[in-house]
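Written out below as structure tokens is the structure these notes cover.
Naming: A, B, ... by sequence-line order, numbering from 1 per chain.
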Amino acid sequence: MGDAQNDTGVPPWLEDSGPGDAPASDWTASLLEDLTEPQRRAVLHTEGPLLVLAAAGSGKTRVITRRIAYLVGCGVPAWSILAVTFTNKAAGEMRERVERLLGGAGSRSGRGLTVTTFHSLCARLLRRYAEQAGLRPDFSIYDSGDQSALVKKVIESLQLSTANFPARSVLSAISAAKNDLLDAKGYAARAIDFSGRTIAKIYAGYERALRGANAADFDDLLLLTARMLRENEAVAGELRQRWQYLLIDEYQDTNKAQFVIASGLAGKGRPDTRGPNICVVGDPDQAIYGWRGADITNILEFEQAYPGCEVITLGENFRSTAPILAVADKLIRHNARRKHKDLFTKRSGGQPVEAVLCRDERHEAKLVVDWLRSLRDASGTGDGVRAGHAWKDMAVFYRTNALSRVMEEAFREAGVPYTIARGTAFYEREEVKSATAYLRVIANQADDVSLGRIINTPARGISDATVARLESRAAETGVPMMSALRELADSPALAAPMGLTPRAAASVQRFVGLMNSWTGAGSFMGEQITGSLADLVDRAIKESGLEDMYRKQARQSQSETDAERLDNLAELVSSARQFEMEYDPAADAALDGSADGTPPLLAMLRAYLESIALVSDADTIDPALGSVTLMTLHAAKGLEFAGVAIVGLEEGLLPHARALSSGNPDDMEEERRLCFVGVTRAMRRLLLTSAKYRTIRGASERTTPSRFLAEMPQEHLAVRDLAGDDTQWDPGPEFEPDVAVARKKSEVAGMFPPGCLVRHPQFGVGTVKSLTGGAQARALIDFRDVGVKTLILEYARLTKLR
DNA sequence: CAACGACGCTCGAAA
DNA sequence: AGCGTCGTTG
């Protein structure tokens, strides 16, 4: 490509001894110790494209880290190596492991080595080359909530109904298009029916709104970077010049945008070599992000994309016991569209995999907790069996987040320490979301979505009607909301023609004054506010009145959650303080080029907000906490635990109902791979459970055990049926409902009048507070033990006592 | 203008 | 069971 440096041949640092003739120091030799032959070949392959097909548990991370260390050992500067992983957590661990390996090399250093995720990398590149990408460096990153707020506004502005075009499905269409590098114009060209053409219009409006708000959604991070690398040769050349060695992990889960980014960064390599130094690592059997646009052909056709590339297969499993591996192997063989691959281990022995059929989800949860406890209590007997496992070496996986709740209750009840891996959970709390919205508007005044969140939170006399008027004013003049607010604050005479009362105008003026006190009129006064990030966060929370608002609420309601909210706000301040301590402005500037006179505090604020936006679920896991990890099967990718329980192996759950109803065999195969990923996380013990009855949307439903259980080798499964037969579970005469199928409120009104005493098989005795609903009757019941619940009478097994 | 209750709809995985 | 919307009330 147009990279002049590439034509000059060997880069300067390789002139004396290229990696071709490896330095035979003790240290580099030690990097090859205890590796298998294929692992060693992967480490030693330094120049030209390389595809490593790494089966689950085949020592992939070990190979990657050794290979990076080896490159550095060969004289490749660490700053010219870029490694892309799937989560920040994985990136951090990889960097640490490489540094530990390099530490053994004395003076050698990993300084400047970049290990990051696709999304973080792209965010940084877009800040550095904002202008070339069509953004400004202070752009906001919009999460799903922000996206849906924005797209709803667009749908309304187009006079469409969110009933016909639900934000959710419109956004998933837009996301799919973006992952496929299709812009609104391209989408419109392909639209064939009314719905498609309308979505194309919404897409176009949504893009306009995003750019107007100086914001990028998650998909934009990839899309805009891919487009920039493709269209801007100067930028692409500069980056290729810097990163001569590229390594991408979990390559099977990359989408088209990521493919374009990877190949854009790799370039074509110098003509006299075997091609660019791009190494991709992955396993087609663990491809589980098809719904996010991941294209498995990226890895399957890597050889065609990079002719002459070396392919190394790592097949031997070092992680799991023989029975666990046998279960995984037999299961995944049911996928028809698959490159045949043998999973094997030299280990023998190991406990059989356990499968238990439970009565319901509560029973299941309790059983899982008991099982984990037994793993921990297992005593190290004399026969070489190791002693009990620590909580941190155990995990529970589930298909959907909804299942975490029952598990959580069971853990709490049993007093077993647990952590739910949900990285964004904290930042999704209402109070935290409001606080960060203030910060986001401070960093990016065009951020209309964040502004909309805080303009009247806490209540400051700016009503919805006022906001609507300001919004239409902004839309008319084509400026961000904040500009309209400023305009009004500067010329109060505008209030009357806009239809605003003087009181409303005064409220707006006060709000603008508040914002200005943090930012200066429109331009961030970082130069003056040289204080700390934590102080800024603290000030925003206090001076906005957010803290007072929750303090008042906490006093009034005396409720736990309101006190919690105050704690969370304090927690946010300390997270900012933590970030501040670990923040390295030099490293930040090196990657995003923000040393261009950006006020230091603003640069740090941007980096902080970015880190918040890009946390992943797996990032939450901290072995030091010493707790059992609860997470989705998707989040479990790349991890391993001594003991694993997978719950909810039922038709409709795993495989998920959507895969059942789509009729697309690819969907079913992805579900199977998901199950496979879960199974192969287990090192020593594995428990698979299903519940015969599961509460779905408030109603208990009969389930069928997952087909995946039947597909596993029964000789390696120890199956227990604890669900009993139907007569045991069916509600006996005592629980016979007074109303079998009562659909309408009018039909039950006389039967359960407010104040009457009832018994529920699960919740116990309670008093009916009120009856609601029309076509679907519901009762609000205050139960003595569990508090107030709303029950759908059609399903509730209620006995009237008095 | 804010707060709350009632009602009806939908319901997957995530950076 | 949770969420958004609508209508009523404070």
Side-chain angles (χ1 to χ4, degrees), chain A residues 85-89 117-123 141-145 147-149 152 162-163 166-169 172 175 179 216-222 253 255 257-258 288-294 397-403 405-406 421-425 427-428 456-467 501 503-504 507 553 556 610-619 631-637 648 652-662 667 670-671 673-674 677-678 695-699 745 769-778 780 789-792 795:
Chain A
T85 63
F86 210 70
T87 64
N88 301 309
K89 177 96 174 161
T117 66
F118 264 108
H119 285 87
S120 289
L121 173 70
C122 290
I141 298 173
Y142 275 6
D143 66 17
S144 315
Q147 282 180 284
S148 93
K152 272 178 199 158
T162 46
R168 222 187 129 82
S169 52
S172 85
S175 175
N179 287 329
D217 65 23
F218 285 123
D219 299 318
D220 280 338
L221 296 179
L222 304 179
D253 280 322
N255 61 28
Q258 288 164 321
I288 53 174
Y289 280 98
W291 53 273
R292 221 164 80 178
F397 304 152
Y398 33 79
R399 177 65 176 83
T400 68
N401 279 308
L403 296 198
R405 218 195 177 108
V406 208
R422 199 130 199 253
T424 51
Y427 300 102
E428 279 167 4
N456 201 33
T457 305
R460 49 170 71 91
I462 304 178
S463 72
D464 292 349
T466 305
V467 172
T501 61
R503 216 172 107 181
S507 298
Q553 279 181 25
Q556 271 176 19
E610 182 182 298
S611 75
I612 288 174
L614 300 181
V615 287
S616 59
D617 286 351
D619 296 347
M631 63 180 132
T632 64
L633 285 160
H634 282 91
K637 187 172 78 161
L653 213 45
L654 182 63
H656 193 271
R658 295 228 178 176
L660 295 175
S661 61
S662 83
D667 292 346
E670 184 154 310
E671 295 291 313
R673 289 194 293 269
L674 196 52
V677 165
T695 310
I696 301 166
R697 288 170 231 166
K745 182 184 168 185
K769 287 183 70 181
S770 68
L771 283 180
T772 64
Q776 193 180 44
R778 292 168 199 225
L780 210 64
K789 298 235 167 219
T790 303
L791 300 182
I792 297 170
Y795 311 115

_Whole-Å distance separating the CZ atom of A:Arg658 from the C1' atom of B:dC11_ = 8 Å
_Closest non-hydrogen atom pair between A:Ser616 and A:Thr87, with its separation_ = OG-CB, 3.5 Å
*asked:* Students often get this wrong, so: under 4.0 angstrom with heavy atoms, is A:Asp143 touching a base, only sugar-phosphate, or nothing?
replied: nothing
_Set of salt bridge (charged side-chain N to carboxylate O under 4.0 Å, His left out) partners for A:Asp217, sequence neighbours left out_ = A:Lys178
*Check the distance between B:dA2's P and A:Arg460's CZ and give it to me in whole angstrom.*
11 Å
_What contact category does A:Tyr289 fall into here, base, sugar-phosphate, or nothing, at under 4.0 angstrom with non-hydrogen atoms?_
sugar-phosphate
*Expressed in angstrom and rounded to an integer, what is the separation of A:Asn179 atom CG from B:dA14 atom P?*
16 Å
_Check this one for me: any side-chain N or O of A:Thr632 less than 4.0 Å away from OP1 or OP2 of B:dA14?_
yes
*Planes under 30° and centres closer than 5.5 Å, is that true for A:Trp291 with the base of B:dA13?*
yes
*Listed nucleotide nearest any side-chain atom of A:Ser463, set B:dA15, B:dA13, B:dA2*: B:dA2
_Atom-to-atom span, CD of A:Gln258 to C1' of B:dA15 - whole angstrom_ = 10 Å
*Would you say B:dC11 has OP1 or OP2 under 4.0 Å from some side-chain N or O of A:Asn401?*
no
*CG of A:Asp617 versus P of B:dA13: gap in Å, rounded?*
10 Å
*For A:Glu671, report the nucleic acid contact type (base, sugar-phosphate, nothing); a contact means any heavy atom under 4.0 Å.*
base
*Measure from the ring center of A:Trp291 to the ring center of A:His656 and say whether it is less than 6.0 Å.*
no
_Classify A:Asn88 by what it touches in the nucleic acid, base, sugar-phosphate, or nothing, heavy-atom distance under 4.0 Å._
nothing
*Looking at B:dA13, B:dC11, B:dA2, which one has an atom nearest to any side-chain atom of A:Ala459?*
B:dA2
*Residue-phosphate contact under 4.0 Å: A:Arg405 side-chain N/O, C:dG2 OP1/OP2*: yes
*asked:* What contact category does A:Ser144 fall into here, base, sugar-phosphate, or nothing, at under 4.0 angstrom with non-hydrogen atoms?
replied: base
_Of the listed nucleotides B:dA15, B:dC1, B:dA13, the one nearest the side chain of A:Thr466_ = B:dC1
_Atom pair distance, as rounded to whole Å: CG in A:Asp219 and P in B:dA15_ = 13 Å
*asked:* How many whole angstroms separate atom NE2 of A:His119 from atom P of B:dA14?
replied: 14 Å
*Minimum-distance pair of heavy atoms, taken over all atoms of A:Asp253 and A:Lys637*: OD2-NZ, 2.5 Å
*Over how many whole Å does the gap from A:Glu610 atom CD to B:dA15 atom C1' extend?*
12 Å
*Would A:Ser169 and A:Ser172 count as having a side-chain donor-acceptor pair, cut-off 3.5 Å?*
no
*When you match A:Ser616 and A:Ala659 each to their closest nucleotide on DNA chain B, which lands nearer the 5' end?*
A:Ala659
*For the side chain of A:Arg168, counting heavy atoms from C-beta on, which of B:dA15, B:dC11, B:dA13 is nearest?*
B:dC11
*Mind checking side chain to side chain contact (heavy atoms under 4.5 Å, CB included) for A:Arg503 and listing every partner two or more places apart, or none if nothing turns up?*
A:Thr501
